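These numbers come from a predicted model, not from an experiment. Protein chains get the first letters and strands the later ones, always in sequence-line order, with residue 1 at the start of each. Side chains included, hydrogens not; waters and symmetry mates left out as well; all remaining heavy atoms used.
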Amino acid sequence: MSKAKGLDLGTSRIVLATPNDDESFSYSAQLNAFVALPYSKVTERALQKKGVPHAVEGKEIIAYGDRAAEFANLLQGDTRRPMQTGLLNPQEPKSLEMIELALKRMVGPADKGDKICFSTPAAPPTNENDLIYHERTVRQMLEKLGYQVRSLNEGLAVVYAELEDDNFTGIGVSFGGGMCNVCVSYMGMPAISFSTVRAGDYIDRSASSVSGETPATVRLHKETGFALNGLSPNSVEQALSVYYNDVIETVVNGLATALASRGKLPKLERPATVVLAGGTALAGSFRNELDKALRKHSYPIDLGEVRLASDPLNTTAKGALMAAMLDM
Amino acid sequence: MNIRDESGSIAWPGQEFQRTVASLARRLESPVERLAFSRRALAEYQRTPSLLRASPLARFSEVVPALEALASCRRHKLRWNERALLLGWRLWRFVPAAPLHPRRAAWVAGALLAVSAVALAPSLSPPEAESPAPAPAAAKPARLPGAAEFPLEVWLVETQQEMELYSNGLQVSNEFLVHGDPRSYVVLPAGAGSDWSAALEKPDVRSRPAGIVFHTTVSEVSPPLEREQNQLIRYRGRQLLRYLAREKLYHFVIDRFGRVYRLLPESEVAYHAGFSVWEHAGEQYFNLNDSFLGVAFETRPEALDSETGPEAAVTPAQVAAAAQLTRMLRDTLSIPEGNCVTHEMISLNPNNHLIGYHTDWAGLFPFEQIGLPAQYETPLPSVAHWGFRFDDDFVAVLGGRPFPGMTRAERRFREEAYARGLDEAELRRRRAAEYRRITDALGRLRRDVRPDGARGH
Ligand SMILES: Nc1ncnc2c1ncn2[C@@H]1O[C@H](COP(=O)(O)OP(=O)(O)OP(=O)(O)O)[C@@H](O)[C@H]1O
Ligand SMILES: [Mg+2]
């Protein structure tokens, strides 16, 4: 029997979803980052033993995934990232090689008839061709592994995963590392989609430059108990709040513009639920702040409840898996 | 910003269509099926001629494409009146293709559709009127006519052509027999909160059927038993059997004349039970496709109506044959009576943690006449141990009153929470998590036990 897999190919994390026998899904994730270590037999054996995805290249050994961050810390260096703002990173020479390594190790080769669906961002604000290149390249890699491949807009994946009770009608937003992806869906069909490039990495970078801390320190702050509620005496948190609000406003303005610029929108049977997913949505009070910001505008459709996805880090992968299972 | 208008030239349907699709979607079980259906419905809508959308029959353009989509997803989820409407619709679509003047053809076909609509008027409520089962009847209907008494032992007397004769008079036809996957399943200790790791590490794998689940086919294709329908009765009966066999839905089907058909050998799996749990004599079974036999009575949709009761749904011949068949299966396979249950007693939905996902028999199964103890009295393990609940919809199907096994199980669960000094909600939460863990683990085991991985349910 052929199998289906769902892949969230994110700027900061890659998540793979697979179905269990009882219609529930399982997830596995890796940090989408790597580090180059000086080659030694001992290191290579250690990586092998711990099952860390890696490749030997001349005098270097490249370690990929969750462990890369640990090694980077140990060496007091920084990790390198194969992707940037949702797409393959043109500034990283090892970008393709690393994604291919990650896919081989996480997704593995296909059995006959196996299907996979991977998430792609909506066209970035700057250049549509980058998206085409990204989509084609990843597709080829997966086809090489033997899969029947399809891709799915990340915002729509959020709708698939979360809006079953709304008959897949509503607005899905993924607040990720490199991008925020928004999709207005009507009965499972995308009506509007767009993305912004102000997301988690933007927050880290900007807050780092005004507070003088490294982006890694800022990220640690952000991911451990930071909440978006008002002024803070701490300069890092203050900076985080400011840029978080910037991220929120960019998305809300984008949505207002997008909805206003569309002529004929379907009349919805009930107000559209807005679902929030992705790592950046995990900060404390994020939902509240976004809700407040959304209510400041008026839109040609009624907005209903604004809620957090049930499992925000796995939402996109789940939606992609559902899409892969669609024609099985 | 690079805003993408994804919809191109899509014609967005109105709110009525959305409501229709939403309510029909509820008949589908998995989110993926619902998604597929929803998208297909929108695609079907695109194919509706705009002429119709503007005509006096506009309302159909909001309903029929959704039915068409559901038919192509899951045919048997359509009701008979919906099928009839669909037929009218297809005629409508077909006629304009004929070499008539298009406008005239459209009107002819529209008239046809209107005629079929009028014919169906009483039942043509919008599909969302999923009429909740009628209010409780004054009393449960009287018992069915009794079945014969049997000799003590049952054995196969002879096989002639495709017909088996057993010593208690049972005759089983193998005319529609197909083959499926071999049976193999894991038995766990009864109850919740035990130490599962030991049981899962050295799983007790078995291949003999553990019990029987009784079903009704609730098939709209079976015409009413009336003399005028005779030709249809003969034709449709065989069609139904062929369909059920092809889909491997049950091991045995008892038609309305009391004829017993074996569709799958007892040693193979049929997809009849879905998500489910049962326990008896210290042993527990999860998702009973793998462990239990499925026996279905051919019935019309009224089978679930607690007002008219089982007399309207099943015939005395069926009851007699079921008693013989049950006896034969219990004797030849050593099936304990405690493992003879009905679908609504075991069926559940792990997603919303409610029992009664499938409702067939609606508390009306004539256990006594089949020669079985009153199983509706047995506390349901789903509720007693696993903290599943039941909602008003299910109780309404049962005629407004839960059967005793449900309320007893509820009490047990409450008592356990009290004994453990836990809030009921807290115990329920823990049990739901435990249930998921166990079924996940069983799912993985099952894959190992049967590497070809059978279909869902
Ligand atoms: N608890 C947390 N609080 C705040 N931010 C968090 C938390 N956990 C993760 N993040 C941030 O979420 C981002 C990663 O989210 P996610 O995994 O959804 O992105 P991605 O899918 O890899 O990226 P993209 O969708 O943009 O391509 C990172 O910026 C990370 O710092
Ligand atoms: Mg993402």
Side-chain angles (χ1 to χ4, degrees), chain A residues 1 3-4 19-24 26 122-128 131 153 156 159-161 164-169 182-196 250 253-254 257-259 261-270 318-319 321-328, chain B residues 1-26 28-43 45-46 66 274-275 286-287 350-351 436 438-447 450-457:
Chain A
M1 207 175 62
K3 298 182 297 295
N20 301 325
D21 276 358
D22 64 348
E23 295 191 1
S24 62
S26 295
T126 43
N127 189 351
E128 185 143 0
L131 173 63
N153 172 282
L156 190 57
V159 171
Y160 281 6
E164 180 194 346
D165 290 339
D166 298 64
N167 215 16
F168 310 100
T169 301
V182 184
C183 180
V184 182
S185 160
Y186 181 81
M187 297 177 68
M189 294 286 193
I192 302 175
S193 67
F194 68 90
S195 66
T196 72
T250 312
N253 289 336
T257 314
L259 287 173
S261 67
R262 275 298 311 276
K264 49 174 177 36
L265 277 169
K267 259 208 165 48
L268 300 187
E269 182 226 341
R270 49 179 151 154
K318 176 180 175 188
L321 176 53
M322 286 174 66
M325 291 166 77
L326 261 184
D327 32 35
M328 298 193 74
Chain B
M1 208 173 41
N2 207 337
I3 299 167
R4 185 155 200 138
D5 173 357
E6 305 265 8
S7 48
S9 57
I10 282 191
W12 298 116
Q15 292 160 308
E16 177 72 27
F17 182 75
Q18 294 174 48
R19 270 192 289 274
T20 307
V21 171
S23 82
L24 288 176
R26 271 181 241 129
L28 297 170
E29 283 153 39
S30 80
V32 177
E33 272 183 313
R34 288 183 180 190
L35 176 58
F37 162 62
S38 182
R39 290 172 51 105
R40 206 167 291 178
L42 196 54
Y45 185 83
Q46 306 304 310
F275 292 122
F286 291 86
N287 301 340
N351 291 327
R436 180 135 294 244
I438 288 168
T439 47
D440 280 355
L442 283 174
R444 282 191 296 273
L445 263 180
R446 184 166 174 276
R447 236 173 317 175
R450 240 205 354 253
D452 55 324
R455 306 177 351 192
H457 57 280

Does Tyr186(A) have any ring-ring contact (aromatic ring centres under 6.0 Å, His included) partners at least two apart in sequence or in another chain, and if so, which?
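Partners of Tyr186(A) by the ring-ring contact (aromatic ring centres under 6.0 Å, His included) criterion, ordered by chain and then number, come out as Trp12(B).
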
Just do the side chain to side chain contact (heavy atoms under 4.5 Å, CB included) check on Tyr160(A) and Leu321(A) with the steps written out, would you?
CA-CA 9 Å; Tyr160(A) 281 6; Leu321(A) 176 53; over 6 Å; no

Is the closest side-chain heavy-atom distance between Phe17(B) and Met187(A) below 4.5 Å?
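In contact.
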
Only counting residues at least two apart or in another chain, list the ones meeting side-chain hydrogen bond (donor to acceptor under 3.5 Å, both in side chains) with Glu164(A).
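Expected list: Arg34(B).
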
Just so I understand: if I count every heavy-atom pair under 4.5 Å between each of Ser38(B), Ala41(B), Gly443(B) and chain A, which residue has the most?
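When all of Ser38(B), Ala41(B), Gly443(B) are compared, Ser38(B) has the most.
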
Heavy-atom proximity to chain A below 4.5 Å, by part of Pro350(B)
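Neither part.
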
Does any heavy atom of chain A fall under 4.5 Å from the side chain of Ala25(B), the backbone, both, or neither of them?
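Just the side chain, heavy atoms under 4.5 Å.
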
